[in-house]
Asks: 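Below are the structure tokens for one structure; questions will follow.
Atoms within each ligand, like the ligands themselves, are counted from 1 in listed order. Numbering of residues begins at 1 and proceeds along the displayed sequence.
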Amino acid sequence: MCVTMCAFSCCLLVTLSVPLLLFATLLVPEISSAFYRAQVSYFDGTGLLVAGLISTGRHFTYCLGDYLGCVKDQFAKELTETFSWETGVGLVAIFAPSMAYHGDKVGTIYFSHEEYRRWAYDPAAGRPPDMMVASNKTSLPAGVLPDLSPSILLNFDTGSEEHTARRQLLADGLPALAYGAKLPGFMAPQHVSPSDGSKKAAVFDTIGYNLFRSLFGVDVAEVLPAIFEYDATFTPAVLGAPLLGFQGRKLAEIRASVMRKVEQGDVARKFMELAEERGMPGKERLDEMVWIALFAGYGGTSNLAYETLKMIQKDPKLVKLFRADPDAFMLEAARVRPPVGGMNPVQYRNSTKISFSSIGKIWNAKTGELAMLLSSGANRDPQVFKNPHDFVPGRENAERLLSWNNEWGDFKSCPSVAGCPAAPRGCPGTFLSMNLAKQTVAFFIDKIPLAPSEL
Ligand code: HEM
Ligand SMILES: *[C@@H]1O[C@H](CO)[C@@H](O)[C@H](O)[C@H]1NC(C)=O
Ligand SMILES: *[C@@H]1O[C@H](CO)[C@@H](O)[C@H](O)[C@H]1NC(C)=O
């Protein structure tokens with residue numbers, strides 16, 4: 001009896017520890033890289049998906065869960081080592097659960113500066129109508145997408161009539177988006193003090209407060225905690241993780257409370273009138289814009305400010321660099337810590353053959369297949385950014401970062417963020433978000449608690 005018990009538990013221990021040990025060896029960077037190379041070279045379909053999930057799990061373990069500050073870089077490192085900067089395109093297991101479940105398990109990913117640009121500057125780049133970033137819309141509960149129409153700006157091919165019309169409306173109806181826009185003076189919400197710079201909610205509240213004052217001329221102080229909750233609930237959907245029905249209802253409820261504030265402002269009224277004049281449903285367009293402000297606007301800008309403050313906290317000599325040139329500093333911070341993963345998945349409109357010479361594989365992308373774009377790759381392409389891992393505000397080609405999807409430098413050449421042939425799909429919030437993030441970092445920087453080891 002005792003012997004069988006022991007045999008059983010020993011057996012169990014061994015069975016459990018073998019995979020655990022194998023997983024632990026993956027924490028060695030070289031082994032992890034070799035594992036990645038092997039999976040994309042020899043596996044396909046579900047096999048590659050499973051191997052890819054193991055790699056993803058490894059990165060999260062190695063990075064202690066720090067997605068923006070570490071996981072993305074680990075992923076980019078192995079991708080570029082395997083496929084080479086010259087090729088600029090690679091293969092990945094689709095780790096977004098919703099995307100993999102409803103679509104292909106493996107897809108192409110464009111990561112060099114040049115290859116990223118190939119899509120981001122294509123005046124007719126295809127976009128899937130049935131996706132919300134990495135979630136297939138069929139898997140989203142009610143309340144995640146805008147209430148009045150699930151067809152969002154992100155779903156339209158670049159330069160399609162609808163895409164152009166909606167972007168023109170943003171440019172004309174939201175003066176705060178313009179380059180050099182006159183914004184209301186920066187103000188921290190009442191409950192936030194300059195010594196709160198290491199508190200995520202305080203930084204996010206500061207961005208949220210100023211974002212809605214700037215964009216819509218309204219005070220959302222009362223609903224800032226709800227907006228913070230909104231972002232945390234929404235983020236998994238962006239990554240294609242499942243959301244439950246009650247979470248969708250919560251999102252809709254919070255959005256409605258923000259909408260009630262926004263509607264009190266003049267900007268909203270004029271925005272809707274302008275839309276109607278142009279034959280667009282005004283209320284529906286405003287509903288979409290509030291949805292975008294809560295997602296790309298609040299989430300993206302808050303993460304940019306918060307990640308930058310975290311970086312400064314760890315390395316006090318950055319305080320001086322920021323003071324020397326806040327604009328150059330923030331541009332460089334956005335290059336190394338892009339808060340938005342990149343352009344949304346794009347869709348091949350024609351079948352395309354891609355040759356991966358480094359692993360001896362040819363890929364036939366089908367019409368309708370999705371492809372991904374990685375700005376953490378493009379932003380660290382040594383062909384454009386010398387010593388890409390160094391933090392150098394004002395570096396050569398500083399304005400060529402792709403964090404806002406098109407180059408900052410190109411965007412500046414147009415009077416507005418819409419209808420700009422030099423930057424056909426840049427983020428319309430580029431200038432506003434940069435301004436808000438910069439002022440927020442400046443507000444907290446004097447009292448930011450610096451890491452003791454660095455003092
Ligand atoms: C004031 C804050 C912001 C606003 C109002 C805003 C607005 C928007 C809008 C309306 C789009 C859709 C554009 C289209 O489909 O043509 C978009 C896309 C995008 N935004 Fe922003 N955004 C903001 C902040 C940010 C920040 C901080 C970043 C990153 C540094 C960012 C990066 C992007 C990227 C990469 C896209 C994807 C473009 C695409 O997939 O076509 N945004 N943003
Ligand atoms: C989204 O899901 C539906 C239903 O499973 C599927 O028919 C469609 O092809 C999916 N779209 C993409 C782009 O994967
Ligand atoms: C894709 O194919 C269509 C029709 O076959 C053609 O008109 C179009 O120019 C092609 N697009 C590209 C980007 O090659």
Side-chain angles (χ1 to χ4, degrees), residues 68 94 96 98-105 107 116 119-122 125-140 152-160 162-164 166-171 174 176-177 181 183 207-208 210-212 214-216 240 285 288-305 307-308 330-331 333-335 337-348 368-375 378-379 401-406 408 417-420 423-438:
L68 283 178
I94 305 295
S98 164
M99 215 167 153
Y101 177 76
H102 290 278
D104 296 311
K105 314 278 177 280
Y116 189 109
W119 284 101
Y121 279 75
D122 181 350
R127 295 284 285 248
D130 48 358
M131 299 291 291
M132 194 287 286
V133 194
S135 276
N136 188 302
K137 288 181 183 174
T138 55
S139 64
L140 291 174
I152 44 181
L153 181 56
L154 294 170
N155 293 134
F156 295 94
D157 291 9
T158 305
S160 59
E162 184 68 18
H163 182 252
T164 308
R166 289 196 193 183
R167 283 193 60 134
Q168 197 63 55
L169 178 67
L170 298 192
L174 299 171
L177 296 178
L183 301 177
I207 293 287
N210 286 284
L211 176 69
F212 283 88
S214 307
L215 261 185
F216 298 109
R285 290 286 66 79
E288 173 183 57
M289 194 51 219
V290 169
W291 181 86
I292 287 183
L294 285 170
F295 162 29
Y298 174 83
T301 314
S302 298
N303 275 312
L304 176 57
E307 289 293 320
T308 304
M330 290 308 295
L331 207 55
R335 182 184 71 84
R337 290 270 185 285
V340 176
M343 189 161 172
N344 286 273
V346 290
Q347 192 164 41
Y348 290 101
E369 185 175 311
L370 301 184
M372 316 237 273
L373 289 98
L374 188 69
S375 56
N379 283 344
L401 81 171
L402 287 165
S403 304
W404 282 278
N405 210 43
N406 285 167
W408 172 272
V417 292
C420 179
R425 200 154 198 151
C427 162
T430 303
F431 303 125
L432 176 61
S433 64
M434 175 60 133
N435 195 314
L436 297 180
K438 181 180 69 181

Asks: So do the side chains of Leu402 and Tyr121 get within less than 4.5 Å of each other, counting heavy atoms only?
Replies: yes

Asks: Need the ligand 1 atom indices (1-based, order shown) with element for anything under 4.0 Å from a heavy-atom of Leu170.
Replies: 10 (C)

Asks: Enter the distance from Trp291:CH2 to Ile152:CD1 here, rounded to the nearest 0.5 Å.
Replies: 3.5 Å

Asks: Considering only heavy atoms of Pro339, which atoms of ligand 1 have at least one such atom less than 4.0 Å away?
Replies: 29 (C), 30 (C)

Asks: Identify, for atom 16 (O) of ligand 1, the protein heavy atom at the shortest distance, and state residue, atom and that distance.
Replies: His163 NE2, 2.7 Å

Asks: So which protein N/O/S atoms does atom 21 (Fe) of ligand 1 have within less than 2.8 Å?
Replies: Cys427 SG

Asks: Any side-chain heavy atom of Val340 within less than 4.5 Å of one from Trp404?
Replies: no

Asks: Could you check whether Ser403 and Asn379, counting side-chain N and O atoms only, form a donor-acceptor pair closer than 3.5 Å?
Replies: yes

Asks: I need the Glu162 CD to Asp157 CG distance, nearest 0.5 Å.
Replies: 12.0 Å

Asks: Which protein non-hydrogen atom lies closest to atom 40 (O) of ligand 1, naming both residue and atom, and how far is it?
Replies: Asn344 ND2, 2.7 Å

Asks: For ligand 2, which is the ligand I care about here, please tell me if His102 has any N or O atom under 3.5 Å from one of the ligand's N or O atoms.
Replies: yes

Asks: What is the closest protein heavy atom to atom 10 (C) of ligand 2, and at what distance does it sit?
Replies: Asn136 ND2, 2.5 Å

Asks: Considering heavy atoms of the protein only, find what lies nearest to atom 15 (O) of ligand 1 and give residue, atom and distance to 0.1 Å.
Replies: Arg425 NH2, 3.0 Å

Asks: Starting at NE2 of His102, measure out to CE of Met131 and round the result to the nearest 0.5 Å.
Replies: 8.5 Å

Asks: Can you confirm whether Cys420 sits close enough to Arg167 that some side-chain heavy atom of one is under 4.5 Å from a side-chain heavy atom of the other?
Replies: no

Asks: Would you say ligand 1 has an N or O under 3.5 Å from any N or O of Arg167?
Replies: yes

Asks: Please answer whether the main-chain N or O of Gly299 pairs with a side-chain N or O of Asn303 as donor and acceptor at a distance below 3.5 Å.
Replies: yes

Asks: So if I count the atoms of ligand 1 from 1 in the order they appear, which ones are less than 4.0 Å from some heavy atom of Leu211?
Replies: 1 (C)

Asks: Check each atom of ligand 1 against the heavy atoms of Thr301 and keep those under 4.0 Å away; list them by number with element.
Replies: 2 (C), 24 (C), 27 (C)

Asks: Do any non-hydrogen protein atoms sit less than 4.0 Å from atom 2 (O) of ligand 2?
Replies: yes

Asks: For atom 39 (C) of ligand 1, grab the closest protein heavy atom and report residue, atom and distance to one decimal in Å.
Replies: Arg127 NH1, 3.4 Å

Asks: Where is the tightest heavy-atom contact between Pro338 and Ser375, given as atom of each residue plus distance?
Replies: CB-OG, 3.7 Å

Asks: To check you understand the geometry: which heavy-atom pair defines the closest contact between Leu215 and Leu174, and what is its length?
Replies: O-CD2, 3.9 Å

Asks: Are Ile94 and Lys105 packed together at the side-chain level, in the sense that at least one heavy-atom pair is separated by less than 4.5 angstrom?
Replies: no

Asks: Which is closest to atom 35 (C) of ligand 1 by heavy-atom distance: Ser403, Ala334, Ser375?
Replies: Ser403

Asks: Against heavy atoms of Gly103, which atoms of ligand 2 measure under 4.0 Å?
Replies: 14 (O)

Asks: Considering heavy atoms of the protein only, find what lies nearest to atom 13 (C) of ligand 2 and give residue, atom and distance to 0.1 Å.
Replies: Asp130 OD1, 3.4 Å

Asks: Taking C-beta and beyond as the side chain, do Asp122 and Thr158 meet within less than 4.5 Å on heavy atoms?
Replies: no

Asks: What are the two closest non-hydrogen atoms of Ala125 and Met343, and how far apart are they?
Replies: CB-CE, 4.3 Å

